[in-house]
Amino acid sequence: MDLVLQLLFTGIGIGAVYALVALGFVLIFRATNVVNFAQGEFSMVAAYLMVVCVELGLPYWLSFVIALAGMALLGVIFNLGVYYPLRHRTYLPVIIATIGASILLSNSVLAIYGPQPQVLQGWFDTPGIQLGPVYLDSQYLLIIGVTIFLVLFNFWFFEKTLLGKKLQATSQDKEMASLLGISVSTMIMITFIYSAVLGGLAGILVAPVLFVSIQMGSTIALKAFAATIIGGFGDVAGAIVGGLALGVIETFGAAYISVPYKDGFAFLVLIAFLVFRPQGIFGERVAEKA
Amino acid sequence: MKLTRREFSAGLAAGLAAPALMRSAWAQGATIKIGMCVPVTGPAAEQGLWAQNGAKLALAAVNKAGGVLGKQVELVIEDDQTTNPGIVLAFSKLAAQSDIVAFLGSIRSTQVQAMAPDVIKVGKPVMIGGTNPDLTHSGNPWLFRFRPNDNYSGRVIADYGVNTLGKKKWAIVHSTDAFGTAGGKALSEALTKLGAPPVLDQGYANQSQDFTPVVLAVKQSGADVLGTYFTFENDLGIFARQLRQLGVNIPWVGSPSVVAVSSTKLAGPALFGTYGVADFAEDSSDVAKAFGKSYRDAYKTAPDNQSAWPYDAITILSAAINKAGSTDPTKIREAILATQKFAGAEGEYNFDKNGDGLHGYNVVKNDKGKIVYDKHIDFND
């Protein structure tokens with residue numbers, strides 16, 4: 001039983017990381033109908049910004065604010081440089097452009113900062129708490145807390161605020177939205193900023209656990225992408241549930257079946273969903289969407 | 001004069017090729033070229049940089065002492081992207097330059113395995129750092145190893161743990177790549193020979209974000225000592241921290257990555273008190289000390305095996321070409337194999353017929369973040 005609880009905690013913790021990155025995927029997909037393959041690199045860039053600020057001797061909270069502000073700026077640049085020029089084309093050129101951007105981002109950081117992985121201290125001085133037989137890593141607790149908060153925040157933001165509703169309208173039907181006086185390009189700009197900040201937040205939160213390295217984003221993003229498909233592409237709740245499910249499944253699969261095939265379980269579940277329920281857990285049926 | 005179509009084509013081809021041929025002939029005359037496949041990008045880009053540093057340090061020394069065959073030596077670097085397809089591509093790019101006389105391959109066994117068939121086809125000496133024993137035991141005459149292979153690391157880990165630390169109940173944790181699998185197997189065999197077969201043999205896939213299941217397996221096995229073969233320092237750092245968090249504090253003797261510079265930095269206190277076999281230990285010999293000093297002077301950081309083996313490889317290769325008196329691959333091969341009692345940064349090189357230069361390891365300890373030399377264990381077979 002102790003073992004199960006410990007695995008459950010870690011599974012949810014790592015799953016929350018996938019969920020945070022998956023959320024960024026989903027928001028951009030809803031707004032623009034494209035998958036942003038640079039979402040993982042957003043996490044990586046933010047973690048490096050954080051490391052740079054902390055190394056400069058700035059307080060942790062200020063470094064955090066600066067890193068997130070930097071991500072907002074990156075969101076703007078990304079929108080103007082990658083999405084905006086291609087917005088009238090089909091989804092394919094945009095997706096290719098995001099892949100290009102992801103290569104550019106990771107190699108730029110490599111060129112500027114060098115290949116050495118870096119250590120980023122966590123928010124708390126205490127590494128964790130021993131709760132009976134289970135060890136709770138404080139950074140994972142924070143990640144889980146932030147994920148819960150973001151679920152509630154997203155619900156409130158998209159359902160209860162005017163801006164959120166405008167964003168939803170834009171993602172559902174751009175022409176109709178613009179006929180109603182909503183500035184579509186502004187809404188898409190806001191979506192990119194929000195996704196970049198979310199991705200950055202995930203990167204900063206996970207950095208003390210996984211270290212800061214060039215490839216940290218791509219490994220998480222791959223799982224997060226699987227999580228979005230499992231949850232139902234384009235669904236916020238789906239991304240969260242998909243992420244958590246993936247984290248728990250791979251942790252238990254590793255513990256009880258095989259450690260070397262840990263990543264295999266995640267993708268086995270992904271394949272199963274693609275075959276039997278391609279719309280994901282929360283996805284609408286294709287017919288409804290058409 | 002009537003020109004047939006065939007003569008015309010031949011003439012045209014010769015005309016087009018002439019400048020290139022002349023250029024290559026001129027280039028051949030100017031310097032001696034050594035090709036180096038090294039990760040410039042990808043997960044091991046960090047180690048790749050250190051490998052380049054080590055090679056360049058040796059190169060500078062060789063050139064300062066008059067070069068090779070009276071010419072300066074030049075290093076041609078190609079990015080292997082830390083992947084198997086990457087190194088195959090990098091090696092074929094380098095091999096296409098006919099004036100490159102010999103090569104430095106990878107420190108990663110899996111990459112050496114990937115490029116090995118092409119190495120046979122090219123038929124020129126390739127210096128390697130990968131420690132999977134099979135690499136030099138599969139009938140490939142062109143691979144020369146500048147680190148002790150994992151038969152030795154496994155035996156040294158087992159010998160130290162059983163005879164020096166007095167521990168018999170072993171858990172082995174290893175990566176499932178070529179390096180980790182061979183290392184885990186070698187350790188397991190060495191332990192069985194010493195009458196202490198492992199109670200747990202646990203593989204893991206590289207780039208894992210979480211090691212909780214592995215740590216719990218170690219905990220449940222009831223082992224009183226841990227032996228590891230980790231490929232990437234990131235993985236090792238995450239594992240070490242989770243191991244301590246979940247309350248596993250048994251002695252730990254690991255492959256060189258346990259005492260690598262970046263692991264020590266990433267994992268911090270989680271690795272205090274661990275032992276590692278290290279092919280390079282700065283305090284193990286005068287040559288190692290001298291290498292350490294010049295490396296620190298040049299790059300302001302401590303060297304480890306990632307930079308020590310390319311340093312030795314360039315030094316010994318240059319000496320061998322000089323001794324061979326020619327850049328003929330077979331003559332260089334014979335000269336390398338004839339290298340005996342050569343004091344390098346990694347230890348004393350005595351090449352055997354398989355192309356293995358080193359036959360033992362140092363055991364070092366992480367003493368509160370400082371790597372301290374403990375003892376050297378050598379084997380004659």
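Just so we're on the same page: letters track the sequence lines, and every chain starts at 1. All of these numbers come straight from a predicted model, not from anything done at the bench.
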S.K.: Please answer whether the main-chain N or O of B/Asp210 pairs with a side-chain N or O of A/Lys262 as donor and acceptor at a distance below 3.5 Å.
M.R.: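 It does hold such a pair.
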
S.K.: Is B/Ser175 in contact with chain A via its backbone, its side chain, both, or neither, using a 4.5 Å heavy-atom distance?
M.R.: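 No part of B/Ser175 comes within 4.5 Å of chain A.
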
S.K.: Assess the residue pair B/Gln242 and A/Asp137 against the criterion (side-chain contact (heavy atoms from CB on, under 4.5 Å)); give the C-alpha distance rounded to whole Å, side-chain angles, the decisive distance to 0.1 Å, and a yes or no.
M.R.: CA-CA 9 Å; B/Gln242 293 189 322; A/Asp137 186 307; over 6 Å; no

S.K.: Considering non-hydrogen atoms only, spot the tightest contact between B/Leu266 and A/Pro117 and give its length.
M.R.: CD2-O, 3.9 Å

S.K.: Please say whether more than 12 non-hydrogen atoms of neighbouring residues, nucleotides or ligands are located less than 6.0 Å from CD in A/Gln130.
M.R.: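 Buried by this count: over 12 neighbours within 6.0 Å.
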
S.K.: Answer yes or no: is there a side-chain heavy-atom contact under 4.5 Å between A/Asp263 and B/Gln207?
M.R.: no

S.K.: Going from CD on A/Gln215 to CG on B/Asn234, what distance comes out if it is rounded to the nearest 0.5 angstrom?
M.R.: 6.0 Å

S.K.: Step through the shown structure and confirm whether more than 12 heavy atoms of other residues, nucleotides or ligands are within 6.0 Å of CG on A/Asp125.
M.R.: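 Open.
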
S.K.: What part of B/Lys219 lies closer than 4.5 angstrom to a heavy atom of chain A: side chain, backbone, both or neither?
M.R.: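 Neither part, no heavy atoms under 4.5 Å.
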
S.K.: For a quick test of reading the model, state the closest non-hydrogen atom pair linking A/Thr219 to B/Gln209 and the distance between them.
M.R.: CB-NE2, 3.4 Å

S.K.: Taking side chain as everything from C-beta outward and backbone as N, CA, C, O, which of these in B/Gln220 sits under 4.5 Å from a heavy atom of chain A? Side chain, backbone, both or neither.
M.R.: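 Side chain only.
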
S.K.: Can you tell me which portion of A/Pro208 sits under 4.5 Å from chain B's heavy atoms? Options are side chain, backbone, both or neither.
M.R.: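 Only the backbone of A/Pro208 comes within 4.5 Å of chain B.
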
S.K.: For A/Tyr261, is the OH atom crowded, meaning more than 12 foreign heavy atoms sit under 6.0 Å from it?
M.R.: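 Counting other residues, nucleotides and ligands, OH of A/Tyr261 stays at 12 neighbours or fewer.
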
S.K.: Within a reach of under 6.0 Å around CG of A/Leu131, are more than 12 heavy atoms found that belong to other residues, nucleotides or ligands?
M.R.: no

S.K.: Relative to chain A, which segment of B/Leu49 carries a heavy atom at a distance below 4.5 Å: side chain, backbone, both, or neither?
M.R.: side chain

S.K.: Atom CZ of B/Phe232 and atom OG of A/Ser213: how far apart are they, to the nearest 0.5 Å?
M.R.: 10.5 Å

S.K.: For B/Thr41, which atoms come within 4.5 Å of any heavy atom of chain A: side chain, backbone, both, or neither?
M.R.: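 Backbone plus side chain of B/Thr41, per the 4.5 Å heavy-atom cut-off to chain A.
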
S.K.: Return the minimal non-hydrogen interatomic distance between A/Phe211 and B/Ile238, and the atom names on each side.
M.R.: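 Residues A/Phe211 and B/Ile238, closest heavy atoms: CE1-N, 3.5 Å.
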
S.K.: Taking all non-hydrogen atoms of both residues into account, name the closest pair between B/Ala205 and A/Pro260 and its distance.
M.R.: CB-O, 3.5 Å

S.K.: Chain A: which of B/Thr212, B/Asp235, B/Thr176 shares the most heavy-atom pairs with it under 4.5 Å?
M.R.: B/Thr212

S.K.: Under 4.5 Å heavy-atom distance to chain B, tell me which part of A/Leu110 shows up: side chain, backbone, both or neither.
M.R.: side chain

